[in-house]
**Student:** 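For reference, the structure I am asking about is given below.
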Amino acid sequence: MEENLVIVESPAKAKTIEKFLGSGYSVKSSFGHIRDLSKKSLGIDIEGGFLPDYLVSDDKKKVVSELKSLAKKADMVWLASDEDREGEAIAWHLKETLNLDDKKTKRIVFHEITKTAILNAIENPRNVDMNLVMAQQARRVLDRLVGFELSPVLWRKVKPKLSAGRVQSVALRLIVEREREVQSFVAKSQYKIEGIFNPDEAKTSVKISAELNEKFETEKQARGILEKCIGANFKIVSIEEKEAKRTPQAPFTTSTLQQEASRKLGFSLNQTMRTAQNLYESGFITYMRTDSTNLSKLALWAARQTITELYGKEYSKTRQYATKTKGAQEAHEAIRPTYMSNMEIEAGTQEKKLYSLIWKRAIASQMADASIQKTEISIGTDSIKQIFLATADRIKFDGFLKVYIESKDDESADEDTNMLLPALKLDWPMYMVTIKATEKFSQKPARYTEASLVKKLEELGIGRPSTYAPTISTISQRGYIIKDNRPGQERQFRELKLEKGTITSKTLTETWGTEKNKLFPEDIGILVSDFLVENFDSIVDYGFTAKVEESFDKIAEGKLVWNEVIAQFYKPFHEKVEETLLISRPTNAERSLGVDQKTGKSVFVRIGRFGPLAQIGESDDPDKKFMSLGKGQLIETITLEEALKLFDLPRSVGTYNDKEIIAAVGRFGPYIKYNGGFISIGKDNDPRTIDLDTCKMLIDAHVKKEAERLIKEFPKEGIEILNGRFGAYIKKGKNNFKIPRGTDPKALDLEGALKLIEKGGKSKK
DNA sequence: CAGTGAGCGAGCTTCCGCTTGACTT
């Protein structure tokens with residue numbers, strides 16, 4: 001029998017396809033790209049027409065040698081990597097690396113993992129598309145040149161180990177610029193006027209809440225309206241009814257899955273992708289890194305069956321969604337359940353939750369529109385020209401809403417307007433219960449979450465489904481940004497209330513600006529981003545990727561030559577790199593805050609060897625003092641007062657058992673020092689204000705925990721068994737060793753401990 | 001784990017996209 005070797009990118013895909021193809025076909029995976037430029041050096045011959053030097057990566061050597069020997073034995077090798085730029089390149093690299101003969105090599109593609117699609121692909125093979133491969137090569141070479149020339153500029157001018165690139169530097173810039181918008185934002189307030197009315201004079205029937213169709217700048221104006229409403233006769237001046245329909249969202253792509261998992265389940269990007277990977281490997285969902293909203297015919301049919309069965313025929317509506325995303329390559333289907341009828345699965349808690357979200361979204365996308373009746377009632381009086389508006393939505397047919405409601409990014413999403421309106425008629429009198437004027441502040445621009453940043457990047461066509469999560473991890477690891485929570489601030493607002501013919505007023509307090517899991521720039525990130533914008537504005541331009549993508553498309557169409565495109569980009573870019581290396585350090589590293597009244601010395605903030613710091617006294621002052629900036633403090637925004645406060649630490653809190661307690665902030669956060677030891681005091685305590693009693697409590701708790709720490713020791717061998725953060729472990733010298741689950745640490749003898757140390761030592765290698 | 005805020009200068013760092021495990025904390 002003829003031997004066929006089919007090579008795909010993912011091992012889970014290989015398993016599924018093997019089942020479809022049956023005997024005579026062996027399906028293997030390349031595990032993504034098998035070759036790349038050298039990790040250590042540039043790997044590009046710039047003088048020689050930008051020729052790349054590809055190497056088989058260390059972790060791919062085994063896969064490549066396996067595929068080589070299988071290919072040798074096979075009568076035909078089918079290169080079935082994804083149908084996009086990267087997939088085409090993988091096919092070509094396989095052909096080159098495995099030394100495949102043209103006569104026994106065929107290139108096939110399919111967008112969905114169904115039997116029909118695969119058999120159809122086998123019937124319609126083609127050759128490797130070299131134009132598309134060269135487009136990928138241009139993309140790869142450009143990214144390497146940008147990354148490996150810009151990063152060293154940062155090492156020289158800012159700090160070692162920093163990085164810059166076509167994607168990450170734009171992501172960083174977005175965060176830095178959004179932070180500036182937030183910082184420079186000044187909230188304006190307006191008075192919003194709301195009335196509660198009742199169609200029944202006894203005021204016993206349902207209350208109707210309505211908002212005045214005008215807002216006011218000042219309290220005086222608002223009060224004027226309320227005054228005119230005293231004793232006024234209100235009536236219904238219009239009733240309008242409108243039919244509206246709502247249409248379901250497309251099934252998930254990587255980006256929309258990340259956004260919804262973040263909003264609805266509170267998952268981080270990494271959590272979402274790890275969980276989705278688990279679902280994919282278990283065969284529960286289709287591939288999770290996709291930019292396509294397309295569903296296979298099979299899936300559409302299965303969705304129709306499932307919806308009809310569960311909710312009835314009138315709930316089913318088969319739709320295909322067009323992908324709007326810039327630069328989408330649509331090599332895969334949308335993310336959907338493998339079996340649409342499978343509403344629930346047996347898996348881990350997170351997996352179950354994410355699966356349910358995917359199922360609902362995919363099913364809802366194939367359901368009928370919801371039909372909504374909107375009623376708008378206007379209530380007016382002769383004494384004011386404005387009117388009060390009450391709106392109510394009534395769902396006439398729920399359609400897809402039966403299954404899925406998309407959430408919004410907007411935190412202050414409108415409250416439920418699903419008020420039930422009683423039967424009302426034009427000109428009917430309405431009786432006022434209360435009218436309230438409340439001072440409302442305008443909303444500051446929203447800081448990015450991981451997911452909303454991905455959404456923005458996708459809109460700009462920057463990055464790919466496989467890189468969204470890693471890109472954000474990279475800029476975090478470089479110390480450019482931090483995902484953080486920040487407490488809100490209190491502010492006062494005014495409220496006027498008209499009730500029973502009199503107006504009362506009061507000042508109330510609200511908390512605003514509380515941030516949870518938002519992305520904030522760090523000082524070093526601001527510095528790097530400003531430096532890049534100043535010197536390499538064309539690279540960190542939001543339209544740069546879109547522009548080069550146009551050239552890549554032309555290379556793919558055979559209208560441009562890849563290395564000519566690169567040469568044209570490289571010459572001015574490299575000149576700018578050389579020029580930037582000659583200029584001095586970035587200038588915005590230091591900011592002068594003013595003079596310290598106590599000492600008469602100047603106060604500065606700048607980035608030092610170990611991060612941002614405040615300094616009292618000029619650099620030539622032998623008595624100059626330093627303190628690190630605290631959490632959430634930025635060089636750009638810190639005030640003189642805040643900077644001076646840093647020098648209140650370390651501070652003596654008092655004595656306990658005749659020993660002094662010192663409170664301070666260290667590398668790992670706030671701590672107290674007592675009796676030669678350090679105790680972390682956590683986020684909830686401020687070292688500037690912590691009192692003696694709290695310190696004593698913390699010390700006692702610490703001493704108790706220390707006493708419980710040591711379970712057992714073998715002093716002669718220098719081995720200790722200790723209780724740690726993750727449970728009991730063995731400590732020998734500076735090394736820690738795991739104790740397997742099910743072993744009682746108290747019962748462990750020397751022999752057992754030594755065995756575990758030996759085992760641990762081996763696994764380390 | 002809990003300092004530091006200098007500067008002789010070796011040798012190192014880094015990109016984006018495609019894939020999974022193999023690791024420790």
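We name chains A, B, ... by the order of the sequence lines, and we start the count at 1 in each one. Just the heavy atoms: all of them, side chains too, but no hydrogens, waters or symmetry mates, feed the values below. Nothing here was measured: the structure is a model prediction, and the numbers come from that model.
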**Student:** Give the rounded distance in Å between these two atoms: CD1 of Ile462(A) and C1' of dG17(B).
**Tutor:**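 Distance, rounded to whole Å: 15 Å.
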**Student:** Lys40(A) NZ to dG11(B) C1': how many Å, rounded?
**Tutor:**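 Value for this atom pair: 11 Å.
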**Student:** Is Trp155(A) stacked on the base of dT14(B) when the test is centres under 5.5 angstrom and planes under 30 degrees?
**Tutor:**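 Aromatic stack with dT14(B) absent for Trp155(A).
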**Student:** Using a distance-only test with no angle check, is there a side-chain donor-acceptor pair under 3.5 angstrom linking Glu112(A) and Tyr287(A)?
**Tutor:**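 Result is no, nothing qualifies.
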**Student:** By the 4.0 Å heavy-atom rule, please label Gln168(A) as base, sugar-phosphate, or nothing.
**Tutor:**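 Gln168(A): backbone/sugar contact only, no base atoms under 4.0 Å.
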**Student:** Have a look at Lys625(A) and say if it touches a base, only the backbone sugar-phosphate, or nothing, with a 4.0 Å heavy-atom cut-off.
**Tutor:**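 It contacts nothing in the nucleic acid.
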**Student:** If you look at every strand shown and take non-hydrogen atoms under 4.0 Å, does Arg478(A) touch a base, only sugar-phosphate, or nothing?
**Tutor:**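 Arg478(A): backbone/sugar contact only, no base atoms under 4.0 Å.
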**Student:** CG of Asn270(A) versus P of dT25(B): gap in Å, rounded?
**Tutor:**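 Computing the Asn270(A):CG to dT25(B):P distance gives 20 Å.
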**Student:** So Arg289(A) and Tyr280(A), do their side chains get closer than 4.5 Å, heavy atoms only?
**Tutor:**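 In short, these two side chains do not touch, never coming nearer than 4.5 Å.
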**Student:** On DNA chain B, check which nucleotide each of Ser466(A) and Leu162(A) is closest to and give me the residue with the more 5' one.
**Tutor:**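 The residue whose closest nucleotide sits nearer the 5' end is Leu162(A).
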**Student:** Mind calculating the distance between NZ (Lys159(A)) and C1' (dT14(B)) to the nearest angstrom?
**Tutor:**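 One finds 15 Å between C1' of dT14(B) and NZ of Lys159(A), rounded.
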**Student:** Provide, to the nearest angstrom, the distance between the CD atom belonging to Gln136(A) and the C1' atom belonging to dC18(B).
**Tutor:**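 From Gln136(A) CD to dC18(B) C1': 9 Å.
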**Student:** Strictly by modelled atom types, are Glu333(A) and His111(A) linked by a side-chain donor-acceptor pair under 3.5 Å?
**Tutor:**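 Absent: no donor and acceptor within the cut-off.
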**Student:** Among the nucleotides dT20(B), dT14(B), dC18(B), which one has an atom lying closest to any side-chain atom of Phe31(A)?
**Tutor:**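 Output: dT20(B).
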**Student:** Report which part of the nucleic acid Gly87(A) touches: base, sugar-phosphate, or nothing (heavy-atom distance under 4.0 Å, all strands).
**Tutor:**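 Gly87(A): no heavy atom of the nucleic acid under 4.0 Å.
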**Student:** Name every residue in residues 541-553 of chain A that has at least one heavy atom under 4.0 Å from any atom of DNA chain B, in order of residue number, or write none if there are no such residues.
**Tutor:**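 DNA chain B contact set from residues 541-553 of chain A: none.
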**Student:** Once you apply a heavy-atom cut-off of 4.0 Å, does Arg464(A) come out as touching a base, just sugar-phosphate, or nothing?
**Tutor:**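 Sugar-phosphate, backbone atoms only, no base.
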**Student:** Can you tell whether the side chains of Glu618(A) and Lys601(A) come within less than 4.0 Å, N to carboxylate O?
**Tutor:**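 Salt bridge between Glu618(A) and Lys601(A), a charged N being under 4.0 Å from a carboxylate O: no.
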**Student:** By the 4.0 Å heavy-atom rule, please label Gly32(A) as base, sugar-phosphate, or nothing.
**Tutor:**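 If one applies the 4.0 Å heavy-atom cut-off, Gly32(A) turns out to touch a base.
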**Student:** Rounded to whole angstroms, how far apart are CD on Glu83(A) and P on dG17(B)?
**Tutor:**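 So the two atoms are 19 Å apart, to the nearest Å.
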**Student:** Should the pair Tyr570(A) and Phe50(A) be assigned to parallel (<30°), tilted (30 to 60°) or perpendicular (>60°) ring geometry?
**Tutor:**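 Tyr570(A) vs Phe50(A) ring planes: perpendicular.
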**Student:** Using a heavy-atom cut-off of 4.0 Å across all strands, would you classify Gln277(A) as base, sugar-phosphate, or nothing?
**Tutor:**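 Sugar-phosphate, backbone atoms only, no base.
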**Student:** So Val167(A), base contact, sugar-phosphate only, or nothing? Heavy-atom distance under 4.0 Å.
**Tutor:**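 Touches sugar-phosphate only.
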**Student:** Kindly point out which of dT20(B), dG5(B), dC18(B) is positioned nearest to the side chain of Tyr280(A)?
**Tutor:**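 My answer, after comparing the listed nucleotides, is dT20(B).
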**Student:** Describe the nucleic acid contact of Tyr287(A) in one word from base, sugar-phosphate, nothing, applying a heavy-atom distance below 4.0 Å.
**Tutor:**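 Since only primed, P, OP1 and OP2 atoms lie under 4.0 Å of Tyr287(A), the category is sugar-phosphate.
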**Student:** Which of the following nucleotides, dT14(B), dG5(B), dC18(B), is nearest to the side chain of Phe148(A)?
**Tutor:**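 Of all the options, the side chain of Phe148(A) is nearest to dT14(B).
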**Student:** Is the base of dC15(B) touched by the side chain of Arg140(A) through a donor-acceptor pair closer than 3.5 angstrom?
**Tutor:**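 Present.
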**Student:** So Lys39(A), base contact, sugar-phosphate only, or nothing? Heavy-atom distance under 4.0 Å.
**Tutor:**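 Touches a base.
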**Student:** Classify Ala89(A) by what it touches in the nucleic acid, base, sugar-phosphate, or nothing, heavy-atom distance under 4.0 Å.
**Tutor:**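 Nothing: the residue Ala89(A), judged by heavy atoms under 4.0 Å, touches no strand.
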**Student:** With a non-hydrogen cut-off below 4.0 angstrom, is Ser10(A) in contact with a base, only sugar-phosphate, or nothing?
**Tutor:**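 Sugar-phosphate, no base atom in range.
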**Student:** For Val533(A), check side chain to side chain contact (heavy atoms under 4.5 Å, CB included) against everything at least two apart and list the hits.
**Tutor:**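 For Val533(A) the side chain to side chain contact (heavy atoms under 4.5 Å, CB included) partners, ignoring immediate neighbours, are Arg173(A), Ser529(A), Val540(A).
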**Student:** Side-chain donor or acceptor of Arg144(A) under 3.5 Å from a matching atom on the base of dC16(B)?
**Tutor:**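 Flag unset: no donor-acceptor pair detected.
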**Student:** Output the rounded distance in Å from CD1 (Ile539(A)) to C1' (dC15(B)).
**Tutor:**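 Distance check: Ile539(A) CD1 to dC15(B) C1' gives 12 Å.
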**Student:** Cation-pi check, Arg144(A) to Phe148(A): give yes when NZ or CZ is under 6.0 Å from the six-membered ring centre and within 45° of the ring axis, no otherwise.
**Tutor:**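 Yes.
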**Student:** Any base atoms under 4.0 Å from Tyr468(A), or only sugar-phosphate, or nothing? Heavy atoms, all strands.
**Tutor:**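 It contacts nothing in the nucleic acid.
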**Student:** Can you tell whether the side chains of Lys39(A) and Asp58(A) come within less than 4.0 Å, N to carboxylate O?
**Tutor:**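 Between Asp58(A) and Lys39(A) there is no salt bridge, as every charged N stays at least 4.0 Å from the carboxylate O atoms.
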**Student:** By nearest heavy atom, map Met288(A) and Pro152(A) onto DNA chain B; which one lands nearer the 5' end?
**Tutor:**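 Per heavy-atom nearest nucleotide, the more 5' residue is Pro152(A).
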**Student:** Please determine if a side-chain N or O atom of Arg35(A) lies less than 4.0 Å away from the OP1 or OP2 oxygen of dG17(B).
**Tutor:**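 For dG17(B), neither OP1 nor OP2 has a side-chain N or O of Arg35(A) closer than 4.0 Å.
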**Student:** Going by atom types alone, do Ser30(A) and Glu9(A) pair a side-chain donor with an acceptor below 3.5 Å?
**Tutor:**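 No, because no side-chain N or O of Ser30(A) sits under 3.5 Å from a partner of the opposite role on Glu9(A).
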**Student:** OP1 or OP2 of dC16(B) sitting under 4.0 Å from any side-chain N/O of Thr467(A)?
**Tutor:**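 No, outside the criterion.
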**Student:** If you measure from the Lys or Arg side-chain nitrogens to the Asp or Glu carboxylate oxygens, is any gap between Lys61(A) and Glu66(A) under 4.0 Å?
**Tutor:**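 Answer for the salt bridge query: no.
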**Student:** From the set dT14(B), dT19(B), dC16(B), return the single nucleotide nearest to any side-chain atom of Asp143(A).
**Tutor:**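 Selected nucleotide (nearest to the side chain): dC16(B).
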**Student:** Give the rounded distance in Å between these two atoms: CZ of Arg85(A) and P of dC16(B).
**Tutor:**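 Atom CZ in Arg85(A) sits about 14 Å away from atom P in dC16(B).
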**Student:** Please work out if Arg166(A) contacts a base, only the sugar-phosphate, or nothing of the nucleic acid, heavy-atom cut-off 4.0 Å.
**Tutor:**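 Sugar-phosphate contact only.
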**Student:** Would you say Lys60(A) places a side-chain N or O within less than 4.0 Å of OP1 or OP2 belonging to dC18(B)?
**Tutor:**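 False: Lys60(A) side-chain N/O out of range (4.0 Å or more) of dC18(B) OP1/OP2.
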